[in-house]
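Throughout, protein chains are lettered first and strands after them, A, B, ... in sequence-line order, and every chain is numbered starting at 1.
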Protein chains: 2
Amino acid sequence: MATEEIQQEEQPATTTATGESSPQVYINQLSKHVGAEVTLRGWLYNLRSSGKLLFPQLRDGTGVVQCVVFKKAVAEEVWDALKNLGQESALSIRGTVRADERAPGGFEVDVVGAEVLHAVEGYPITPKEHGTEFLMDHRHLWLRSRRQHAILKVRHTVVRAVRDFLDNDNFTLADAPVLTPAACEGTTTLFEVDYFNDEKAYLTQSGQLYNEATAAAFGKVYCFGPTFRAERSKTRRHLTEFWMVEPEMAFAHLDDVMNLAERFVSSIASRVLEERQEELKVLERDTSKLELIVPPFPRLHYDDAVKMLHEGHERGELDARFEWGGDFGAPDETYISKQFEKPVMVHRYPAAIKAFYMARDPERPELALGVDVLASEGYGEVIGGGERATSLEFLEEQIKAHELPREAFEWYLDLRRYGSVPHAGFGMGIERCTAWMCGIEHVRETIPFPRMLYRIRP
Amino acid sequence: MATEEIQQEEQPATTTATGESSPQVYINQLSKHVGAEVTLRGWLYNLRSSGKLLFPQLRDGTGVVQCVVFKKAVAEEVWDALKNLGQESALSIRGTVRADERAPGGFEVDVVGAEVLHAVEGYPITPKEHGTEFLMDHRHLWLRSRRQHAILKVRHTVVRAVRDFLDNDNFTLADAPVLTPAACEGTTTLFEVDYFNDEKAYLTQSGQLYNEATAAAFGKVYCFGPTFRAERSKTRRHLTEFWMVEPEMAFAHLDDVMNLAERFVSSIASRVLEERQEELKVLERDTSKLELIVPPFPRLHYDDAVKMLHEGHERGELDARFEWGGDFGAPDETYISKQFEKPVMVHRYPAAIKAFYMARDPERPELALGVDVLASEGYGEVIGGGERATSLEFLEEQIKAHELPREAFEWYLDLRRYGSVPHAGFGMGIERCTAWMCGIEHVRETIPFPRMLYRIRP
């Protein structure tokens, strides 16, 4: 470990323009080199000048640092090379690290030498405002901007938090396939693929059914990969390709899922708070909202959620009166979540609006033992899950009632023929969770290369 | 943390057939409960009987334990329920944990009560031999077998080792898209998808080009997800859907990739040895071979690899004489790797057989700065990578020469227009690596639901 850290900090030295050498370091390691001469490599983020001074800001992927070039302190060719250098030019800079409380990041570098590796003109994304379509067309470059950088750093932390939580909780990773022969929840929103010999395959919408097989093999499992929805909807919450994590537990009931969900979501929020303070500052995130995400979360029966919506309607805060039996729309979810400081878990929805494999409430069979976790601050549903039906006969009826192709589900029915036990789980979309953590409007910024209705490039 | 561990060990107690209760534990936690009465829940893995004794083996996903039922020690209905119980029946068993050195796992349970949750008849996979096609058709059940269980546990450890290594080495996770508008390495082996409005998309073969964009934003990055090859080949090394991890580093050269690759692969092997001794025993893996996987790995110039193949041919160990300029076939790779105890890194291949984006050796431009890591024991190529070309003009020529659609690569060429720097990386297939770690023949057992030429079910 110690060896690896040293390698990261002090890369092999390169020779600079003046023929001397100094250790290569990353910008996020500058605190360990105050007073020392170092070499930085990266790209020109911004350049200001003031008479005999230049202030190039360098970014290297780990951070941005302001450098100070005093004309008399560098060779003439260095000054000339730097003074009109274009944004995103690649360069290496040699200089002395100085702590400066006023500087963003806390350090500045007094330049003694520099080498331009690639001089750039006309970088398309300038500090001025650009339209969304333009930025999306230049996503491969837009990722270099400070805000996008911060969002994707938060995304990485969300992914790590998810995997560490489940791994430490003794879940076994069992990846579900992307190419599937049948639909899990209806066929209208499936992407079709040409497999071999004129056979058709579909891109997965959920690993759930496969999870039920692996849970019977491993007890507690999760799958975590890209999932696909060919929805013709263009909202700030939809991507056609998004990442979903789905844990599933054998010998578990609805309450176990709710207990897991609140610990799970809370662990993500606390990890983001712990590791991504810098990025949350860049995003101007109100972190006090994230600090509220701790167990227990309020649990709200669907009936009580409907009552709450009726009260909202009576007070004139909701336009339409919600009808018992329906699924919540975005305004309904927002209204419900605004009644709480924390995420809220709505459970026991009408079975008619839920998937065929849901277990029923034994006391009220018209209700499914499902739960949705509504994020705080109106970010909508981030988790959907519940308990699965265990009876072979019940599932055979459901497959018939939903007009699903029975033959495609034979293997799934085997799970009820051979050692059927109570089991339960949920799915969480990574992009919605990341948008919530970041406090940003649109999920399109939470994945490196978003895929949407009219967007498959770059 | 402490709270979580207790929750895992001691689940809420359930009432057993005799009306009493005892803490629910997992089989891999039995060592902490020696002498105590516990409740186990799981599936009947096997059942032997001997007069007034029954020996049900219970599996719960964390392990398998042999239980001992003495007829006089249990109620008559418990004995009757158990004595003819079918394989994979679900049950809960209450009993006292006893350490027994002769028992697999080191423990046995003396049963005092049991409850059958789901009695099963005619489980299709019996202890007798089954054909591969039969087992693949029943993959959703086959996963419960001890060998498959062990392989997928190793797979999980490989994935964790990969992610932990890269995360600890300050790589940023930047997922590449699955749905892509163009091919990365040729169009003949692509799966085509119907996107919206008659537009076509393709399933990704590699996240490499996207990695080059994110490396310019984050410095060191990786993507890790499912990738697809529509190859009509039916070999033990091919899947149509497999998981690939691809790290990429800005300001890096071929040597940096080789240094990274040997540390990376070694960290996986040592993690598997550390965490999966039990599973490696089940798989009868010769672990001494895995212990040899430590840096440095031998580095072999392509020219020298060819010389080695010529010597092999002269000694009659290879049928055909290898021609300089070609790519190695499986027998060549096997021959080369058998000359070494460790994995071997073959570098500087003829550019003509490598991808268009490869950088050239400045001293011999007919060679590409690429490297393949050949696994030990004849497991073939597990890593392919190298240094990428930085020159806009060179890449424009290559795209033309390879007859690739220029317009689809405009965004990629932007990376050479705006801050082009040396960069390098590699890709490693998770299933091949897992097969190697496990010492098994075929990659189809290293993924929960394999997709192959004639296989898209279950």
Novice: Determine the option with the most heavy-atom pairs under 4.5 angstrom with chain A, choosing from His140(B), Glu88(B), Arg417(B).
Specialist: His140(B)
Novice: Pick from Tyr222(B), Phe171(B), Phe264(B): which one makes a ring pair (Phe, Tyr, Trp, His ring centres under 6.0 Å) with Phe165(B)?
Specialist: Phe264(B)
Novice: Find the one option among Gln148(B), Glu199(B), Glu192(B) whose heavy-atom pairs under 4.5 Å with chain A are most numerous.
Specialist: Glu192(B)
Novice: Taking atom CG of Leu239(B) and atom CD of Glu231(B), what is their separation to the nearest 0.5 Å?
Specialist: 10.5 Å
Novice: So which of Ser89(A), Ala216(A), Ala119(A), Ala201(A) has the biggest tally of heavy-atom pairs under 4.5 Å with chain B?
Specialist: Ala216(A)
Novice: Among Arg144(A), Arg139(A), His156(A), which residue has the highest count of heavy-atom pairs closer than 4.5 Å to chain B?
Specialist: His156(A)
Novice: Tell me which of these, Ala174(A), Gly122(A), Ala217(A), has more heavy-atom pairs under 4.5 Å with chain B than the rest.
Specialist: Ala217(A)
Novice: Based on non-hydrogen pairs under 4.5 Å, which of Thr172(B), Leu152(B), Asp167(B) is most in contact with chain A?
Specialist: Asp167(B)
Novice: Between Arg232(A), Glu121(A), Arg416(A), which has the largest tally of heavy atom pairs under 4.5 Å with chain B?
Specialist: Arg232(A)
Novice: Do you know which of His138(A), Arg163(A), Glu212(A), Glu410(A) has the most heavy-atom pairs under 4.5 Å to chain B?
Specialist: Arg163(A)
Novice: Name the member of Thr214(B), Asn28(B), Leu173(B) that forms the most heavy-atom pairs with chain A at distances under 4.5 Å.
Specialist: Leu173(B)
Novice: Non-hydrogen atoms of chain A under 4.5 Å away: do they reach the side chain of Val178(B), the backbone, both or neither?
Specialist: both
Novice: Considering only heavy atoms, which portion of Arg455(A) lies under 4.5 Å from any heavy atom of chain B: side chain, backbone, both, or neither?
Specialist: backbone
Novice: Give the minimum heavy-atom separation between Gly419(B) and Val120(A), together with the two atoms involved.
Specialist: N-CG2, 3.0 Å
Novice: Contact part of Tyr412(B) toward chain A, heavy-atom cut-off under 4.5 Å: side chain, backbone, both or neither?
Specialist: neither
Novice: Between His423(B) and Phe251(B), is the ring centroid distance below 6.0 Å?
Specialist: no
Novice: Between Asn259(A) and chain B, which part of the residue has a heavy atom less than 4.5 Å away: side chain, backbone, both or neither?
Specialist: neither
Novice: Check each atom of Asp60(B) against the heavy atoms of chain A and say whether the ones under 4.5 Å are side chain, backbone, both or neither.
Specialist: backbone
Novice: Can you tell me if Tyr45(A) and Gln87(A) form a side-chain donor-acceptor pair at under 3.5 Å?
Specialist: no
Novice: Specify the closest pair of heavy atoms between Cys223(B) and Gly207(B), including all atoms of both residues, with the distance to one decimal.
Specialist: SG-CA, 3.9 Å
Novice: If we define contacts as heavy-atom pairs under 4.5 Å, which of Thr390(B), Val421(B), Ile447(B) has the most with chain A?
Specialist: Val421(B)
Novice: For residues Tyr195(B) and Thr240(A), is any side-chain donor paired with an opposing acceptor at under 3.5 Å?
Specialist: yes
Novice: Quick check on Met452(B) against chain A: is it the side chain, the backbone, both or neither that has a heavy atom closer than 4.5 Å?
Specialist: backbone
Novice: At a heavy-atom separation under 4.5 Å, does Ala250(A) approach chain B through its side chain, its backbone, both, or neither?
Specialist: side chain
Novice: Got a second to check how far Thr189(B)'s OG1 is from Leu203(B)'s CG, nearest 0.5 Å?
Specialist: 11.0 Å
Novice: Check each atom of Leu44(B) against the heavy atoms of chain A and say whether the ones under 4.5 Å are side chain, backbone, both or neither.
Specialist: neither
Novice: What is the minimum heavy-atom distance between Asn197(B) and Tyr454(A), and which atoms define it?
Specialist: ND2-CE2, 3.4 Å
Novice: So, taking the atom named CG in Asp194(B) and the one named CG in Asp194(A), what distance separates them when rounded to the nearest 0.5 Å?
Specialist: 6.5 Å
Novice: If you count heavy-atom pairs under 4.5 Å between each of Ala90(B), Ser420(B), Gly219(B) and chain A, which one has the most?
Specialist: Ser420(B)
Novice: Does a donor on one side chain and an acceptor on the other come within less than 3.5 Å for Thr434(A) and Arg155(A)?
Specialist: no
Novice: Please classify the contact of Arg160(B) with chain A as side chain, backbone, both or neither, using a heavy-atom distance under 4.5 Å.
Specialist: side chain
Novice: Which one of Leu117(A), Leu179(A), Val193(A) has the most heavy-atom pairs closer than 4.5 Å to chain B?
Specialist: Leu179(A)
Novice: Tell me whether the centres of the aromatic rings in Tyr123(B) and Trp43(B) are closer together than 6.0 Å.
Specialist: no
Novice: Taking the ring centre of each residue, are Tyr202(B) and Phe191(B) less than 6.0 Å apart?
Specialist: no
Novice: Checking heavy atoms, do the side chain of Val159(A), its backbone, both or neither come under 4.5 Å from chain B?
Specialist: side chain
